[in-house]
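As the structure lists them, so they are numbered: ligands from 1, and atoms in each ligand from 1.
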Amino acid sequence: MTDSNLSNELESLKEAAVAKIAAVTCSDEMENTRVELLGRKSELMTRMRGLGKLPPDQRPAMGKGLNEVRDAITAAIKGKQAAIRKKELSERLENEVFDITLPGRPIGMGRSHPVCSVLDELMEIFIELGFMVEEGPEVETDEYNFKMLNFPDDHPARDMQDTFYLHNGARLLRTHTSPVQIHAMLRHKPPLSVIAPGRVYRCDSDVTHSPVFHQVEGFHIDRHITFGHLKGTLELFIHRLYGKNTKLRFRPSFFPFTEPSAELDISCVLCGGGGCRLCKGTGWMEILGAGMIDPNVFEAVGIDPEKWSGYAFGVGIERIAMLRYGIDDIRLLYENNTSFLKQY
Ligand code: DAH
């Protein structure tokens, strides 16, 4: 083959390819054309593979020519691809119209459960006062739940009636958060002020009782702590929670782990003290139990009651939430009916 024959032939191969590329109108077609012109079965590649079979003196010229054709085709494809992308993009921009005046799809907002809101609020008050947060296990022993809290062996609260026993009585579900007092006093040396939230369990269920509910235990141990400290702290707490006009009344009571013990009543959150259905006409509502930590409890954990004194209190969170929001059936708090929960 003469040099001029060769260059004519390669020239027409290149021109045919470039014309084909120029006629392409979309990206799918572009890809097919690319494979046809540069793929393994293309004329160009077939010729390149055949180079080795040519007489040695023809190989350099043919090789160089084929490379030039390949570079020209590659450049034409690149140029065409860019043009097609640009064309297709402007077509999309013209055709795909967004109606920005359409209303958005509403996203349902989650919210805090009333029990969680009240618990958070209560914890915040005591954390601000410098109380530290402690937690204890929900599965307890008689030792922690009762014995070290100075419950006599025959105390009615140990009845199967109230307590869920596990493992043939070797363990139980804690009936109150007071055993956290014991854990904390064994873990830390006084002075000590602790707030302990948690789930508690009682074999009891009606409109105001749930077998699982929440309590917060609080206590403060230092030198010369008196009932006055307890009153002051609870007053501050109640005023923060229910407002400054709420009145407080301490009634003598009994708990094995405090001496003296009291129950705290507050003026009815609904009628303010005049008497209504919520307070059963008395004007007062019982809100929590409290007292001065019994010396027997101190002795059980190795704290010297001659040197240290302290107060303790225990609050039911569901009760606080029900009074706060005027909910009259505790079960509403656990049914997870979103229409009910949305109100709070
Ligand atoms: N543990 C008691 C209960 O569940 C509540 C209680 C009363 C806790 C008096 C205290 C307290 O710390 O001093 O009924």
Next on the checklist: Out of all atoms in ligand 1, which are within 4.0 Å of some heavy atom of G291? Include the element for each.
Outcome noted: 13 (O)
Item to check | Pair R85-E88, salt bridge (Lys or Arg N to Asp or Glu O under 4.0 Å): steps then yes or no | outcome: CA-CA 5 Å; R85 265 198 297 273; E88 288 180 345; over 6 Å; no
Checklist entry - Do Y311 and H229 make the cut of ring centroids closer than 6.0 angstrom? => result no
Checklist outcome for this item: Note: ligand 1 atoms sitting under 4.0 Å from heavy atoms of F255 are 7 (C), 9 (C)
Item to check | E43/R47 ion pair, N-O < 4.0 Å | outcome: yes
Checklist outcome for this item: In ligand 1, the atoms that come under 4.0 Å of a heavy atom of G289 are 7 (C), 9 (C), 11 (C)
Checklist entry - In the single-linkage hydrophobic clustering (I, L, V, M, F, W, Y; side-chain heavy atoms under 4.5 Å), do L37 and V24 co-cluster? => result yes
Next on the checklist: If the cut-off is 4.0 Å to any non-hydrogen atom of S178, which atoms of ligand 1 fall inside it?
Outcome noted: 1 (N), 8 (C)
Next on the checklist: Under 4.5 Å between side-chain heavy atoms, counting indirect links through other Ile/Leu/Val/Met/Phe/Trp/Tyr residues: same cluster for M132 and I182 or not?
Outcome noted: yes
Checklist entry - Which ligand 1 atoms are under 4.0 Å away from a heavy-atom of G314? => result 6 (C), 8 (C), 10 (C), 12 (O)
Item to check | Atom indices of ligand 1 within 4.0 angstrom of E217 heavy atoms, with elements | outcome: 8 (C), 10 (C), 12 (O)
Checklist entry - Taking the non-hydrogen atoms of F257, is any one of them nearer than 4.0 angstrom to ligand 1? => result yes
Item to check | Criterion ring pair (Phe, Tyr, Trp, His ring centres under 6.0 Å) on F164 and Y201, from CA distance to verdict | outcome: CA-CA 7 Å; F164 287 110; Y201 302 83; 7.0 Å; no
Item to check | Per-atom contacts, ligand 1 versus Q215 - under 4.0 Å to a heavy atom | outcome: 3 (C), 4 (O)
Checklist entry - For ligand 1, which atoms have a heavy atom of Q181 less than 4.0 angstrom away? => result 12 (O)
Checklist entry - Where do H176 and F257 land on the ring pair (Phe, Tyr, Trp, His ring centres under 6.0 Å) test, with the steps shown first? => result CA-CA 12 Å; H176 52 177; F257 38 92; 5.7 Å; yes
Item to check | Any N/O pair A312/ligand 1 closer than 3.5 Å | outcome: yes
Next on the checklist: If the contact criterion is a heavy-atom separation under 4.0 Å, does R202 count as touching ligand 1?
Outcome noted: yes
Item to check | Verdict with supporting geometry, F313 and E217, side chain to side chain contact (heavy atoms under 4.5 Å, CB included) | outcome: CA-CA 6 Å; F313 57 88; E217 191 80 10; over 6 Å; no
